[in-house]
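See structure below.
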There are 2 protein chains.
Amino acid sequence: MTTRAAFCILLTMANRSYHHGDLRAALLEQAGRTLREKGASALSLRELARDLNVSHAAPSRHFKDRRALLDAVALLGFARMAEALAKADPGPEAGFRARLEALARATVDFAVSERELIALMFSSKADTDALDDMHEAWMRLAAPVYAAIADGQRTGDVHAGDVERIAYSAFFTVHGVANLASIGVIPEADIDQALGDALDHLVRGLRP
Amino acid sequence: MTTRAAFCILLTMANRSYHHGDLRAALLEQAGRTLREKGASALSLRELARDLNVSHAAPSRHFKDRRALLDAVALLGFARMAEALAKADPGPEAGFRARLEALARATVDFAVSERELIALMFSSKADTDALDDMHEAWMRLAAPVYAAIADGQRTGDVHAGDVERIAYSAFFTVHGVANLASIGVIPEADIDQALGDALDHLVRGLRP
DNA sequence: ACCTGAACACCGTTCAAGT
DNA sequence: ACCTGAACACCGTTCAAGT
């Protein structure tokens, strides 16, 4: 260890940073709040810094630029959405259709109640350097859907075939409803019916 | 007519405006270009004005603010997408499945080749004052899908029921694929397979 | 290591004034 | 009607300097 590094550690331990311990976490939390209230385009690093009583240049120590902060917020969003789905999963005992419906409804509810967050999550084109974190977040999100499809195959509710491809197809439909509901293309009052229709078609198909 | 108004008309006819006749159209066109190249968040009114050799305040005569310009670009996007769909529609003679596939492929192609435009179109929450224009654009977009479903019911390819609700369900799925493809969640190489899977499930359902 | 303060090159929006 | 020029209050980013 260099003496310089030791000096820094001493400073950090003595001071615990200038404001309240963890500026990075505080920035993410505050960013989440202003995102919800005003949307991503209205989120400014300088305002964030002001809200947290640090200088406007302080955020750059933790996020190399505005985009990096928004990417981190989006990643947290995926984690929260995965948590919401896992929590909403009633498990195989509920039966395939009820389980599918519970997962779908949780997805749409999340999209509607966190519209700015979902817009951020599903607008940023895949960032090639943060791709590993992203992939892990996606796996956690997809896990209950995979499980539902695999169990559905076991119980004879779902046709045979590659679980991943079938699960993706189900996700396409639900994501379509969730996205269109969150931006208001599907009016609030019609969301339940639209999701019900979508799931009916997903299970039974368009055929007579 | 007031003398003031007459004076203005004389000025306009004599001069035909300061640069090349139709700043509003020029702004929309240039906005479309920079949108495609750099995305909506990097689009600035001042840069647009610079590109068109007008003062930075000139755009405000045609669009009350940045949001209004972006909304107008999005509206044009819907018109272009409707045109693309109408053009891709092979008509009822092609058979239901081929027609559905053609329309779906055109949708996904548009989303992938115009990713910034589609992101703009499907991110702005429904603007309550420009809602009439929006509704008309949606009707034009949905027309071929409605027709395909209605014809499918006649030929026995689609079950009976409310055409609009069935068409919406089809659109949810295709939109889900288009959106996820445009942001890179579905890798370019997998798009064809993903869309094929989605349409198979849409037609036949998840059931065995 | 973590933050500050000043500096730089941008923004959107408004408004009196010109033609 | 349509545009200009100046002014105002913001931005993101960088960088030497402090602790």
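Chain identifiers are assigned alphabetically (A, B, ...) following the order of the sequence lines, protein sequences preceding nucleic acid strands; residue numbering begins at 1 within each chain.
Here the P atom of nucleotide D/dT13 and the CG atom of A/L70 are 10 Å apart, to the nearest Å. Between the CG atom of A/L48 and the C1' atom of D/dC10 there is a distance of 15 Å, rounded to whole Å. Protein atom CZ of B/F63 is 16 Å distant from nucleotide atom C1' of C/dT13, rounded to whole Å. In this structure, the CG atom of B/N53 is 14 Å from the C1' atom of D/dT4, given to the nearest Å. With rounding to whole Å, B/K64 atom NZ is found 19 Å from D/dC2 atom P. Put simply, NE2 on A/H62 is 16 Å from C1' on D/dT13, counting in whole angstrom units. Whole-Å rounding puts the A/L45 CG to D/dC10 C1' distance at 13 Å. In this structure, CZ of B/R67 is placed 16 Å from C1' of C/dT13, rounded to the nearest angstrom.
Nucleotide C/dA16 has D/dT4 as its partner under the Watson-Crick or G-U criteria, with both atom distances under 3.5 Å. In this structure, C/dA9 makes no Watson-Crick or G-U wobble pair, since no nucleotide meets both defining distances under 3.5 angstrom.
Side chain of A/E114 to backbone of A/R36: no donor-acceptor contact under 3.5 angstrom is found. In this structure, B/H201 contributes its side chain and B/D197 its backbone to a donor-acceptor pair below 3.5 Å.
Summary of the strand contacts: B/R66 and A/A58 both lie near DNA chain C, and taking for each the nucleotide with the nearest heavy atom, the more 5' one is attributed to A/A58. Between B/A57 and A/E47, the one whose closest nucleotide on DNA chain D sits nearer the 5' end is B/A57. Between A/L43 and A/R61, the one whose closest nucleotide on DNA chain D sits nearer the 5' end is A/L43.
Applying the 4.0 Å criterion to OP1 and OP2 of D/dC3, one finds that B/S55 has every side-chain N and O outside that range. Note on A/R50: a side-chain N or O is less than 4.0 Å away from OP1 or OP2 of D/dC11.
Aromatic ring centroids of B/H175 and A/F172 lie 6.0 Å or more apart.
Base engagement by A/H56 is indicated by at least one non-hydrogen atom pair under 4.0 Å involving a base atom.
Considering B/L199, B/V174, B/V145 in turn, B/L199 is the only one that fulfils the side-chain contact (heavy atoms from CB on, under 4.5 Å) rule with B/L100.
Every residue meeting the side chain to side chain contact (heavy atoms under 4.5 Å, CB included) condition with A/R66, not counting sequence neighbours, appears here in chain and number order: A/L43, A/L45, A/L70.
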